[in-house]
Amino acid sequence: MSRTVYVNGAYVPEEDAKISVFDRGFLFADGVYEVCSVLQGKLLETEGHVTRLHRSLNELDIAAPCSDEELLGAMEKLVADNGVDEGLVYLQVTRGAADRDFAYPKDAKPSLVMFTQKKNLLTDPVAEKGVAVITLPDLRWARRDIKTVGLLYPCMAKMEAKAKGAQDAWLLDDDGFVTEGTSNNAYIVTADDKIVTRQLSNSILHGITRRSILAIAQELGMVVEERPFTPAEAYAAKEAFTTSASSFAMPVISIDENIIASGKPGEVTKKLRDKYIELSLSA
Ligand code: PMP
């Protein structure tokens, strides 16, 4: 069944959804994106995602393609038209099409493309079991706080993880500390029950789910420490997990083939995941 895709104001069947070969998103990865989850037909965390979209656009001097009302209206229409009960909306804004030149063109019109993907988020078998990760050097560019579509290194890292029998990679800065996962923020729970995750900076994406999960942790009386941690500390942790819009809180059960605690998803991770889902469904 063909989806309806949004392309610059038009709702078209996916086979007809096309952009210019001169689009700078295609030529230079000159664009940014957001992923918003959908539960029971309702978009989650739209305010956080729209705010971060504006931040990414501002950092790159790309104009907003439309008003926030138009953007949210189009996202809701796509969800409804495609009958998405559970899944996500992917949206991408690029600087637009112009003859190829490194300098930003003066007159390019930003381009906005959106599509939906159906996905089981609540009963995700991967979340029941947890994932295995490996660590790899973080070879991405240094402005990871901007959510650009330049995702080739994360693709390479995921392929390397797969080749080694794992599902994902945690990336390491030059000092050997974990920055984040290829497409998620990374956490450990220490022996004394502290939740540790790297502090916000240009080194990581400022996850929208991260913000909510840390707020939930604090509300539940858990102690949160925002600081870098090493793989060695992670191997010895009580629990490890990741967060992202489409996976909520995802247990990590092994790191570089070191089994974390019992090798089963941890209690803290489960509690945070369940509470995040409960709050999302009741919002
Ligand atoms: N870090 C990276 C590198 C990501 O790609 C993502 C998800 N796109 C995240 C963290 C998680 O961010 P969010 O919770 O906003 O999905």
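It should be emphasised that the depicted structure is a prediction, and the values quoted were computed from it without experimental measurement. When a ligand or atom number is given, it counts from 1 through the structure's own listing order.
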Just checking, is any N or O donor in the side chain of Thr179 or Asp173 under 3.5 Å from an acceptor N or O on the other one?
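No.
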
Phe102 and Phe28 aromatic centres sub-6.0 Å:
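Ring centres of Phe28 and Phe102 closer than 6.0 Å.
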
Between Arg198 and Glu180, does any NZ, NE, NH1 or NH2 come within less than 4.0 Å of an OD or OE carboxylate oxygen?
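A salt bridge is absent here (no side-chain N lies under 4.0 Å from a carboxylate O).
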
Tell me whether Glu47 at atom CD has more than 12 heavy atoms from other residues, nucleotides or ligands lying less than 6.0 Å away.
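12 or below, so no.
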
I'd like to know whether CG of Asp174 has more than 12 heavy-atom contacts from other residues, nucleotides or ligands below 6.0 angstrom.
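12 or below, so no.
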
Check ligand 1 against the protein and report each N/O to N/O distance under 3.5 Å, formatted as atom name, atom name, distance.
unit_1, atom_1, unit_2, atom_2, d
ligand 1, 1 (N), Glu180, OE1, 2.6
ligand 1, 8 (N), Lys147, NZ, 2.4
ligand 1, 14 (O), Ile208, N, 3.4
ligand 1, 14 (O), Thr209, N, 3.0
ligand 1, 14 (O), Thr209, OG1, 2.6
ligand 1, 15 (O), Arg52, NH1, 2.8
ligand 1, 15 (O), Arg52, NH2, 2.9
ligand 1, 15 (O), Ile208, N, 2.8
ligand 1, 16 (O), Ala245, N, 2.8

Backbone N or O of Arg3 within a donor-acceptor pair of the Asn82 side chain at under 3.5 Å?
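Between the backbone of Arg3 and the side chain of Asn82 there is no qualifying donor-acceptor contact (under 3.5 Å).
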
